[in-house]
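What you see below is based on every heavy atom in this structure, not just the backbone, and it leaves out hydrogens, waters and symmetry mates. Sequence lines set the chain letters: A, B, ... in the order given, protein chains first and strands last, and positions in each chain run from 1.
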Amino acid sequence: MSDPNAIVARGLTKSYAAPDGRWLRRERIRGVTDVSFTLRRGGSLAVIGRNGAGKSTLLRMLAGLSRPSAGELRLEGSTGSLLDLGAGFLEEWSGEQNARVALALLGLAPVRVRAAARFVAEFSELGDFLAQPVRIYSAGMRLRLAYSIAVTAEPEILIADEVLSVGDESFQRKCSHHILEHLARGGTMVLATHNLYQAERLCDAAIWLDDGRARMQGACHEVTKRYQAAIDERERAADAESAARRSASAPALLHVEGTTRADEPVTVPFGTVLRIGVGCVDGARLEIRRVDGTLVTALPAPGRGTVEIASPALLPGRYAVRLLGAAGARAPLDELWLDCVGERRELGTVHLEHQWM
Amino acid sequence: MSPLEPRDRGGTAILARLVRHRRLVWALIRRDVGARFAGSRLGFFWSLANPAIQLASYGVIFGLIYGAGVTAARPGEPGLVPALFCGLWPWWAFSDGTLRGHSSLVDQSALLKRFAMPAEVCIVAAATAAFLLQIVGFLLFLVVFALLGVLTPHAGWLLLPVVVVAELVFVNVLALVLAPLYLVVRDTGYLVSAALTVGFFASPVLFTLDALPGWLRTIAKLNPMAAVIGFYRVSVLGDAWPPATAIAALVGATVALLIAGLALLTRLGDVLDEYW
């Protein structure tokens, strides 16, 4: 137990046989290529990346569900996987029976199964349903049962895949709480997620997978910021085309004072006052959205003029400022982009004036 | 349990892993047996009824329709039904165990995706569960026959555990070879069921070896199952021992299959998980 590292991965690679219809398959598809990292005991690592980037393949190797084609992997401590939760239940068996067998399959000694089954009953909150066949369970109930079984043995290393984004809200909260407790107890976790907020909240390190390779790894907030920027860039490229079409036909109605449209996206250092000139029609609305679509504010525009956003509240990230016409009109009359920059450790979209007492 | 298996190389590592995971094997066997009867109220009864009906049918066909029967021709022999019983039931145990073991990695893909377990654990558990279910039926009928006076218990019955274990080992090593092949190339499924059909008639299930003409007997003696069924008849009926050739075939086949199975699992170990 002297090793301070819970996971050491060196050059992990997993390739798959490409089903090309021939008798002897020679082509191999790379799922994960040459991924290396170490995760100290008590650390938590977020694995981020687009769909098909190799997140699940990496996690399956960490969980021992698949063997690396090349590379070295060492795990110190018991592992609990929250991958494919809900798979492997016997439909005709009751939740209780399934739990007992699953616990045995997880390697629990028979003497510990009874106590563990009690924990499952309590944690899953399934009550009388535990005596019913799993066949009649809802997807959420299955998940609750599977999650409870997976964490009963209090594994030292949790391997989780988007687990907090399924199930009903109260159980999501419970899982989230449970994971925080696990980390507080000194447990280790690897979490694959698309939810960058969740990644930043739960993890201190991150690895960004792109096409099976680690594109960037390091402190979680650094990696998520760069990843977000890459997503933003891609979405903006898609938006740019439609914006260009629009601006060709419509006059510019919005501008940030002190800049021209050529400066877009306008760089706004965190802490400066933002003045936006609005050339407006009646009944219009000024909307600020973060690039992922989160609405920051929608202000009724009283007419032509300048709106001064006094509190420099936007946290670093990319934002769209849109002028929308009368209610019902979906396409904005005009739109411009802001790049808010600065070093902030807060999460979310806006900075609230605050003071720790 | 640390689900991560070290990249073990070689057959001994695989055998050591089986021993290390014996609790997992047992849990899987219980799950398998439970799954077989889940949702039916008289599950175990039905698993006995079907063989009993088959046994009765063969008894009627050979005893009444073909008259003399197969083994009853020899004086001082036990009746036709006990002889069939000692052929049919061990064969069912063999063929059930082989079939289930053979398809285990495909049948259990949902479990293999969720629980980290070595392939050999899954194969051995499936083959053993199916085998044992038949053997339990066999033992129950043995007791029933003894109570009815059809069979008389004797010292030879004490050999039965050894006979059962010998067959169990044979079934398992066969499954270790077949399961990885079936996972990767499904075509073997047809070959296995065809081979089992041929094997049923080629093994001394419905006849005894000495009822065969000379040249045919020479070939039939090379069948490992001839030794297995012979052992059951030695133990239960007090028949003569099966020919040495058959015993050698059983031992040779068991060792060869074990070596082949372990080599196959070692060779395919890193890629099997791509298929489940």
Inset, instruction - Look at atom CH2 of Trp26(B) and say whether more than 12 heavy atoms of other residues, nucleotides or ligands are closer to it than 6.0 Å. - result: no
Legend entry - Heavy-atom proximity to chain B below 4.5 Å, by part of Leu108(A): backbone
Legend entry - Arg31(B) side, atom CZ; Gln97(A) side, atom CD - distance, nearest 0.5 Å: 11.5 Å
Inset, instruction - Examine whether an atom of Leu272(B) lies under 4.5 Å from a heavy atom of chain A, and if so say whether it belongs to the side chain, the backbone or both; otherwise answer neither. - result: neither
Legend entry - Neighbour count above 12 (heavy atom, 6.0 Å) for Arg114(A) CZ: no
Inset, instruction - State, to 0.1 Å, how close Ala110(B) and Gly88(A) come at their nearest heavy-atom pair, and which atoms those are. - result: CB-N, 4.0 Å
Inset, instruction - With sequence neighbours excluded, tell me which residues meet side-chain hydrogen bond (donor to acceptor under 3.5 Å, both in side chains) with Ser56(A). - result: Asp161(A)
Inset, instruction - Determine whether more than 12 heavy atoms belonging to other residues, nucleotides or ligands lie under 6.0 Å from atom CD of Gln132(A). - result: yes
Legend entry - Pairs flagged by salt bridge (charged side-chain N to carboxylate O under 4.0 Å, His left out) wherever residues 80-94 of chain A is involved - sequence neighbours left out: Arg60(A)-Asp84(A), Glu91(A)-Arg142(A), Glu92(A)-Arg135(A)
Inset, instruction - Please say whether more than 12 non-hydrogen atoms of neighbouring residues, nucleotides or ligands are located less than 6.0 Å from CG in Asp211(A). - result: no
Inset, instruction - Identify which one of Ile149(A), Leu85(A), Leu83(A), Leu105(A) satisfies the side chain to side chain contact (heavy atoms under 4.5 Å, CB included) criterion when paired with Arg114(B). - result: Leu85(A)
Inset, instruction - Count the heavy-atom pairs under 4.5 Å between each of Ser81(A), Ala150(A), Pro110(A), Ala153(A) and chain B, then report the option with the highest count. - result: Ser81(A)
Inset, instruction - Can you measure from CG (Asp273(B)) to OG (Ser69(A)) and round to the nearest 0.5 angstrom? - result: 8.0 Å
Inset, instruction - Count the heavy atoms of every other residue, nucleotide or ligand shown that sit under 6.0 Å from CZ of Phe129(A), and state whether that count exceeds 12. - result: no
Inset, instruction - Report yes or no: does Arg23(B) contribute a side-chain atom to a donor-acceptor pair with the main-chain N or O of Gly107(A) at less than 3.5 Å? - result: yes
Inset, instruction - Could you tell me which non-hydrogen atom of Gly64(A) sits nearest to which non-hydrogen atom of Ala116(B), and how far apart they are? - result: O-CB, 3.6 Å
Legend entry - Nearest atoms (heavy-atom pairs only) where Leu24(B) meets Ala104(A): CD1-O, 4.3 Å
Inset, instruction - Return yes when atom CZ of Arg30(A) has more than 12 non-hydrogen atoms of other residues, nucleotides or ligands closer than 6.0 Å, and no otherwise. - result: no
Inset, instruction - Specify the closest pair of heavy atoms between Glu274(B) and Tyr16(A), including all atoms of both residues, with the distance to one decimal. - result: CG-CD2, 3.4 Å
